[in-house]
Amino acid sequence: MCGIVGYIGHRPAYPYLIEGLKKLEYRGYDSAGIALHFGNSLKVFKKAGKVAALEELMNGLEQSTNIGIGHTRWATHGAPSDRNAHPHISRSGKLTMVHNGIIENYAALKEELLKKGYTFHSDTDSEVLLNFIEDIQLNNNCELEEAIRIALKRVTGAYVILLLSEEYPQTIFAARKGSPLVIGIGQGEHFLGSDASPMLGYTKEVVYINDYELAIIKPDELILKNLGNERLTPFVQKLDMELATIEKGGYEHFMLKEIHDQPEAIYDSLRGRLDATQHQLTLSGVDSIKDKLLAARRIIIVACGTSWHAGLLGEYLIEELCRINVEVEYASEFRYRNPVIDERDVIIAISQSGETADTLVALENAKSKGATIFGIVNVVGSSIARLSDAGAYTHAGPEIGVASTKAFTAQLAVLQLFALKLAQLKGSLDERITQELMQELSEVPQKVQHILDTQIDIIKKIASKYKDARDFLFLGRGYNFPIALEGALKLKEVSYIHAEGYPAAEMKHGPIALVDEQLPVVFVATKDRVHEKIVSNMQEIKARGGKLITIVTEDDHTASSLSDDCVQIPKAHEIIAPLLSTIPLQLLAYYIGIERGADVDKPRNLAKSVTVE
Ligand code: M6R
């Protein structure tokens, strides 16, 4: 996701800014830019692509100033391009701004500004906010900080913004809500960053800005205020982290960080789309191919690996809620087996990277036969996103760990939205149930957080107990079957233990032969319509000496008393519960991988983006 840097003081700003942007590259981005304040004029330099491309652009250009801001952009509104890169410049040319986050009500604000004759040079929500601030300053004839405060009170969404103004050659204005901002304090200078990594080596004293705070930063003064214009005392903290740790947000591995990112990733994927209090679902991608979807003779979901597991859950959801026939296909098989497809088919493509070669070619084949493609993709502007006729991005942020975690739960969240929206359009679901599911879906981020807050120590003990197992079996039924498959894949990937996922009842048709005292069997057994059946399957394993590790709903005493080890998750509707039951399985795989000394972030033989077949 976007990275932000800023400098004001006595040394040349540019080296700090460009090096700082490089330190933030790990966050993932697709363009970079810098704005420098030359006393009576502002200059902006920006470029799609890597920071190195920006550096090349800056070669030989005037850089000698002590104040500037910089940004790496991970596209959300508008494709990765020079014009959408930050910093943006206001209509008058007197303000420039970088922004990290999403302004949810940008469309309404843009509408207001368009009526006043504003024109826009990018597709971003950020440029709208910048002009909104300028418009307020002009109309109210007020100080810039006052205009920022007024604007931010009207904005919904998340932001860190840094602003430079021609009028204030010795000031950076900064504010945050939801996205991170750190200010490093030096002697007559200040360093800004999305995290502390750019300022390591310059200062050990930092202030973490809180939500709804506005910072007015001069070389030798940091003024902190709330949006009510009251002065606050900055809380200065000592920085005692190594660079490598900070890049991972304080976590030992990207995989662990990304597991912990999930409450936010799921929230971001629902944000602006699901309003449970107003009973509103907005998924413009679905609306744009509404006629195709309503007339579709079937939906085919095409994906690979973890994304295929998300697709399997999608099949269960869409068939149940929308009463449309759904098939789920491994892209690598689908592309070579001459499937029967025509213009009455809708294909849902699921991919984190948006670049998986098998998925891409399978889609090209289907498209050439007239099918409509709906993409559920994490990387904006990726090949699959561009090929799709319509779609809904998952807003999981960049996923760096090779084993997919937060991208998977974000895919599940978007599939839930897709199924609910289509059910609404079709009228296939009772309105009361739709509302109940919308409410439950909106509660998922805090329930995931609850699991992270309460179950990790239990999972660590389970990991340590079973780390030497040679094989694992993962069993689930109904909505929990795809989660069992995903749990087995995660364990395989990051621990190199052989693991198989199976439908729990199918186990007695073969895999039960594997069961003995050495075999840990993980049951994903949250309360649902087949719960009694899966409890019987647990008994069958127990009777043969297998070790039962269970993921159960809290207060389920029957299942937990049968278990050798048990992880409890909050109550949820059976359709929503997979978003929760997957979290303990990711943690189990991670901690077993760690116990065995595996490279969990970059498991052997695996690539993050599989661009070859
Ligand atoms: O980028 P995609 O979602 O298209 O990738 C598909 C698979 O390669 C991916 O999910 C893979 O299985 C991961 N290593 C799972 O952790």
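First listed ligand is number 1; within each ligand, the first listed atom is number 1. Just so it is clear, the values below take in all heavy atoms, side chains as well, and ignore hydrogens, waters and symmetry mates.
- Set against the non-hydrogen atoms of K490, the atoms of ligand 1 under 4.0 Å away are 15 (C), 16 (O).
- Among A357, A331, C304, G305, the residue whose heavy atom lies nearest to atom 6 (C) of ligand 1 is C304.
- Here's the thing with Q411: none of its N/O atoms is less than 3.5 angstrom from an N/O atom of ligand 1.
- Residue contacts with ligand 1, taken as heavy atom pairs separated by less than 4.0 Å, do not involve E355 at all.
- Checking each of Q411, E486, E493, Q352 against T306 for a side-chain hydrogen bond (donor to acceptor under 3.5 Å, both in side chains) leaves exactly one that passes, namely E486.
- Side-chain N/O atoms of Q586 and Q262 include a donor and acceptor closer than 3.5 Å.
- Residue T356 has at least one nitrogen or oxygen atom sitting less than 3.5 Å from a nitrogen or oxygen atom of ligand 1, judged on distance alone.
- When each of T405, I569, T409 is paired with I583, the side-chain contact (heavy atoms from CB on, under 4.5 Å) condition holds for T409 and for no other.
- Under a 4.0 Å criterion applied to the non-hydrogen atoms of S351, ligand 1 contributes the atoms 1 (O), 2 (P), 3 (O), 4 (O).
- The shell of residues lying under 4.0 angstrom from ligand 1, judged by heavy atoms, includes V402.
- Between L274 and L281, the shortest heavy-atom contact is CD1-CD2, 3.8 Å.
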Chi angles and distances behind the side-chain hydrogen bond (donor to acceptor under 3.5 Å, both in side chains) call for S563, D565: CA-CA 5 Å; S563 314; D565 296 278; over 6 Å; no
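- Near T306, meaning under 4.0 Å from any of its heavy atoms, are these atoms of ligand 1: 10 (O), 12 (O), 15 (C), 16 (O).
- Residue S353 has at least one heavy-atom neighbour below 4.0 Å for each of these atoms of ligand 1: 1 (O), 2 (P), 4 (O).
- Atoms of ligand 1 lying under 4.0 Å from any heavy atom of Q352, numbered from 1 in the order shown and given with element: 1 (O), 2 (P), 3 (O), 4 (O).
- Under 4.0 Å is where a charged nitrogen must lie from a carboxylate oxygen, and between E329 and R337 at least one such pair does.
- Residue pairs meeting the ring pair (Phe, Tyr, Trp, His ring centres under 6.0 Å) criterion with at least one partner in residues 359-380, sequence neighbours excluded, are F374-F418.
- For the salt bridge (Lys or Arg N to Asp or Glu O under 4.0 Å) criterion with R298, the lone passing option out of E319, E327, E315 is E327.
- Near S307, meaning under 4.0 Å from any of its heavy atoms, are these atoms of ligand 1: 2 (P), 3 (O), 10 (O).
- Interface of A403 with ligand 1, defined as ligand atoms under 4.0 Å from a residue heavy atom, comprises 16 (O).
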